[in-house]
Chemist: 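Before we start, here is the structure in question, set down as structure tokens.
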Amino acid sequence: MVSGCGVAYISPKVPANSPNVDVVRLDAATVASANRSTYTPKTLPAAFFQTAGTDAGIYGVGSSPEPVVDRQIKPTALPMRTPPSAPVVPYRVGVGDVLLLSSPDAGNTVEELSGLLAAQNRRQGYTVQDDGAIAVPDVGRIKVAGLTLEEAEAQVFQRLISSQMDPSFSLEVSEFNSKRVSVGGAVSKPAVVPITLVSLTLEEALAAAGGISTRDEDYTLIRLYRDGELYEVPLTEYLKRPGVQKTRLAAGDSIFVDTTFELEDAQAFFTEQIALATYKQDAQIHALNQMNSAMNLRRNALEEARSNFLSRLELDSVDRDFVYLTGEVKTPSRFPLPFGKTASLADALFEKGGSQNMTANPARVYVLRGQPGSDRITAYNLNYRDATNLVLATKFQMRPNDVVFLSEQPITKWNRVVQQLVPSLLTSSATLAAN
């Protein structure tokens with residue numbers, strides 16, 4: 001028996017009368033007091049909180065090209081305002097007209113007007129210059145602008161008489177340049193049409209410009225500008241009204257054939273709109289592909305960072321906070337405190353399987369916690385012989401380096417002593433009997 005006592009089982013316990021140990025019974029008040037100790041749980045790396053699409057909004061389709069073709073809108077009705085015919089008046093010589101002086105025959109006294117005859121024989125005329133006069137050699141400048149041909153002939157006649165020249169001559173206009181009508185728009189050959197001794201009609205002016213050139217007569221409008229007034233005649237009405245076609249034009253009239261709805265432009269507009277829509281769609285697909293590529297790159301980077309952290313965690317190369325479990329627990333071990341949140345005493349106990357029901361003393365569950373800056377230890381005692389006290393275990397927060405200790409039952413201690421002593425006694429007895 002003496003040799004057996006030398007190897008008797010010695011079990012750990014929490015000394016209740018130690019000067020360095022404060023045993024505190026757990027209840028609602030002491031749990032609240034213990035939880036007030038400062039503790040900031042370690043956090044996971046930022047990669048575990050980021051998402052791959054947090055900045056996907058920076059990708060856009062950009063600005064689309066501006067349309068260059070205007071939308072064609074079919075008019076419901078074309079305006080109608082017929083122009084009045086210009087009055088019939090004698091032709092008056094104007095600046096730019098070319099006048100031709102000719103003699104009835106050669107060899108008489110008119111030959112003395114050598115300059116005049118030379119001009120006639122070469123068929124050279126006299127241009128009415130800016131001051132409204134023509135310059136006749138050996139006669140001088142004769143004012144003719146604003147005069148009818150008869151008045152101009154009389155003016156020349158008087159100058160020849162006063163210059164003591166033979167007044168036998170004739171006067172005609174070889175080039176009409178002072179009175180013109182412009183024609184443009186949807187015509188074959190836009191032109192400037194002169195008004196001659198004979199009145200110029202709207203029909204003749206359009207014919208001189210090669211005629212109207214349009215694919216859709218229903219939406220073509222003939223516009224005539226005169227002295228600040230605008231007159232408009234739809235082409236369909238113009239073709240039906242001979243009187244409108246014979247409208248006499250005045251000097252300075254401007255005619256413009258306008259297509260209020262151009263089929264080709266309408267087709268071009270819709271073609272352009274289709275092209276712009278296709279461009280936008282392609283740009284959206286391109287932007288989406290860019291966004292997906294960027295998101296995949298970020299997702300892969302995040303997954304790699306998380307995987308690296310988990311590998312380090314598995315290799316125990318990450319700084320962690322632990323709680324240690326010993327005594328009558330199923331698996332003595334260390335319990336890692338979770339990232340980003342606190343853990344309770346119940347978490348630590350039951351994470352590793354809880355206590356040994358057959359050997360643990362439910363009245364002697366301790367959490368051993370060192371006091372900062374001191375060698376004193378606080379032993380928080382949980383007595384869950386009353387099972388309702390386990391609720392306290394779910395509220396008691398663990399701190400780094402806490403030690404959870406479960407004491408054994410008294411019978412367990414004696415049972416272990418017997419288990420150690422009996423083999424020793426039997427061995428000793430057998431030895432004595434053999435001697």
Chemist: Quick one: closest heavy-atom pair of V323 and V404, and the distance?
Modeler: CG1-CG2, 3.8 Å
Chemist: Around R376, counting heavy atoms of other residues, nucleotides and ligands shown, do more than 12 lie under 6.0 Å from its CZ?
Modeler: yes
Chemist: Do side-chain atoms of S213 reach the backbone of S188 as a donor and acceptor pair under 3.5 angstrom?
Modeler: no
Chemist: Quick check: do P336 and F322 have side-chain heavy atoms less than 4.5 Å from each other?
Modeler: yes
Chemist: Between T196 and L200, does a side chain to side chain contact (heavy atoms under 4.5 Å, CB included) hold up when you go through it step by step?
Modeler: CA-CA 7 Å; T196 64; L200 179 67; over 6 Å; no
Chemist: Please determine whether side chain to side chain contact (heavy atoms under 4.5 Å, CB included) holds for the pair F176 and I195, giving the CA-CA distance in whole Å, both sets of side-chain angles, and the decisive distance to 0.1 Å.
Modeler: CA-CA 7 Å; F176 297 87; I195 296 178; over 6 Å; no
Chemist: Give a yes or no on whether the backbone of S307 and the side-chain of S311 come within a donor-acceptor separation of less than 3.5 Å.
Modeler: yes
Chemist: Quick one, D321 and Y39 - any side-chain contact, counting heavy atoms below 4.5 Å?
Modeler: yes
Chemist: Is any side-chain N of the basic residue among R81 and E229 closer than 4.0 Å to the acidic one's carboxylate O?
Modeler: yes
Chemist: Using distance alone, with no hydrogens and no angle criterion, decide if S293 and N296 have a side-chain donor and acceptor under 3.5 Å apart.
Modeler: no
Chemist: Grab the two heavy atoms, one from A205 and one from L249, that are nearest each other, plus how far apart they are.
Modeler: CB-CD1, 3.6 Å
Chemist: Can you tell me if Y225 and S182 form a side-chain donor-acceptor pair at under 3.5 Å?
Modeler: no
Chemist: Would you say N300's side chain and L297's backbone share a donor-acceptor pair under 3.5 angstrom?
Modeler: no
Chemist: Are the side chains of T30 and R25 in contact, using a 4.5 Å heavy-atom criterion?
Modeler: no
Chemist: For S174 and V98, indicate whether the former's side chain and the latter's backbone hold a donor-acceptor pair under 3.5 Å.
Modeler: yes
Chemist: Determine the minimum heavy-atom distance between T148 and P90, stating which atoms define it.
Modeler: CG2-CB, 3.9 Å
Chemist: Could you check whether the rings of Y366 and F405 sit parallel, tilted or perpendicular, using 30° and 60° as the cut-offs?
Modeler: parallel
Chemist: Taking the side chain as C-beta and beyond, is there a heavy-atom pair between F256 and P190 under 4.5 Å?
Modeler: no
Chemist: With no hydrogens and no angle check, is any side-chain donor or acceptor of R226 less than 3.5 Å from a backbone partner on P84?
Modeler: yes
Chemist: Please evaluate residues L337 and M398 with respect to the criterion side chain to side chain contact (heavy atoms under 4.5 Å, CB included), reporting the C-alpha separation (whole Å), side-chain torsions for both, the decisive distance (0.1 Å), and the verdict.
Modeler: CA-CA 8 Å; L337 292 179; M398 305 305 296; 4.0 Å; yes
Chemist: Could you check whether atom CD of E217 has more than 12 heavy atoms from other residues, nucleotides or ligands sitting under 6.0 Å from it?
Modeler: no
Chemist: Counting C-beta onward and ignoring hydrogens, is there a side-chain heavy-atom pair between Y231 and T247 closer than 4.5 Å?
Modeler: no
Chemist: So which heavy atom on S199 is nearest to which on E204, and how close?
Modeler: O-OE1, 3.5 Å
Chemist: Output yes when a side-chain donor or acceptor of R306 lies under 3.5 Å from a complementary backbone atom of A47, and no otherwise.
Modeler: yes
Chemist: Give a yes or no on this: more than 12 heavy atoms of other residues, nucleotides or ligands lie within 6.0 Å of atom CZ of R180.
Modeler: no
Chemist: Ignoring hydrogens, what is the shortest heavy-atom contact between L325 and A348? Give both atom names and the distance.
Modeler: CD2-O, 3.0 Å
Chemist: Measuring from K179:NZ to D97:CG, what's the distance to the nearest 0.5 Å?
Modeler: 6.0 Å
Chemist: Roughly how far apart are L202 CG and K246 NZ, rounded to 0.5 Å?
Modeler: 10.5 Å
Chemist: Check whether any side-chain N or O of N381 sits under 3.5 Å from a backbone N or O of V365 as a donor-acceptor pair, and report yes or no.
Modeler: yes
Chemist: Within the supplied structure, the quantity of interest is the number of heavy atoms (other residues, nucleotides, ligands) at a distance under 6.0 Å from K42 NZ; does it exceed 12?
Modeler: yes
Chemist: Does any N or O in the side chain of N35 come within less than 3.5 Å of the main-chain N or O of Q397, such that one atom is a donor and the other an acceptor?
Modeler: yes
Chemist: Are D347 and K341 ion-paired here, with the side-chain N under 4.0 Å from a carboxylate O?
Modeler: no
Chemist: Once you round to the nearest 0.5 Å, how far does CZ of R248 lie from CG of D253?
Modeler: 12.0 Å
Chemist: Checking Q245 against T201: is there a side-chain donor and acceptor pair closer than 3.5 Å?
Modeler: no
Chemist: Does S333 reach the main-chain N or O of T331 with its side chain, forming a donor-acceptor pair under 3.5 Å?
Modeler: yes
Chemist: Would you check if L206 and Y238 make a side-chain contact, meaning some heavy-atom pair closer than 4.5 Å?
Modeler: yes
Chemist: Working to the nearest 0.5 Å, report the span between CZ of R223 and CD1 of I255.
Modeler: 13.5 Å
Chemist: What is the minimum heavy-atom distance between V128 and G94, and which atoms define it?
Modeler: CB-O, 3.4 Å
Chemist: Is it true that atom CG of D130 has more than 12 heavy atoms of other residues, nucleotides or ligands lying nearer than 6.0 Å?
Modeler: no
Chemist: Does the side chain to side chain contact (heavy atoms under 4.5 Å, CB included) test come out yes or no for N177 and T127, once each step is laid out?
Modeler: CA-CA 10 Å; N177 297 321; T127 301; over 6 Å; no
Chemist: Checking S178 against Y91 for the side-chain hydrogen bond (donor to acceptor under 3.5 Å, both in side chains) test, could you report, in this order, the C-alpha distance in whole Å, the side-chain angles of both residues, the deciding distance, and whether it holds?
Modeler: CA-CA 11 Å; S178 63; Y91 185 84; 3.3 Å; yes
Chemist: Drop me the distance from T220's OG1 to D258's CG, to the nearest 0.5 angstrom.
Modeler: 8.5 Å
Chemist: If we ignore hydrogens and angles and just use 3.5 Å, is the side chain of R399 paired with the main-chain N or O of S37 as donor and acceptor?
Modeler: yes
Chemist: In terms of heavy-atom contacts, does CG of D386 have more than 12 from other residues, nucleotides or ligands at under 6.0 Å?
Modeler: yes
Chemist: Side chains of T214 and L235: closer than 4.5 Å at any heavy-atom pair?
Modeler: yes
Chemist: Please find out if less than 6.0 Å separates the ring center of F309 from that of F48.
Modeler: yes
Chemist: Once rounded to the nearest 0.5 Å, what's the spacing between atom CD of E232 and atom OG1 of T82?
Modeler: 11.5 Å
Chemist: Quick one: are T394 and L390 in side-chain contact, heavy atoms under 4.5 Å?
Modeler: no
Chemist: Are any of the side-chain nitrogens in K240 or E237 under 4.0 Å away from the carboxylate oxygens of its partner?
Modeler: yes
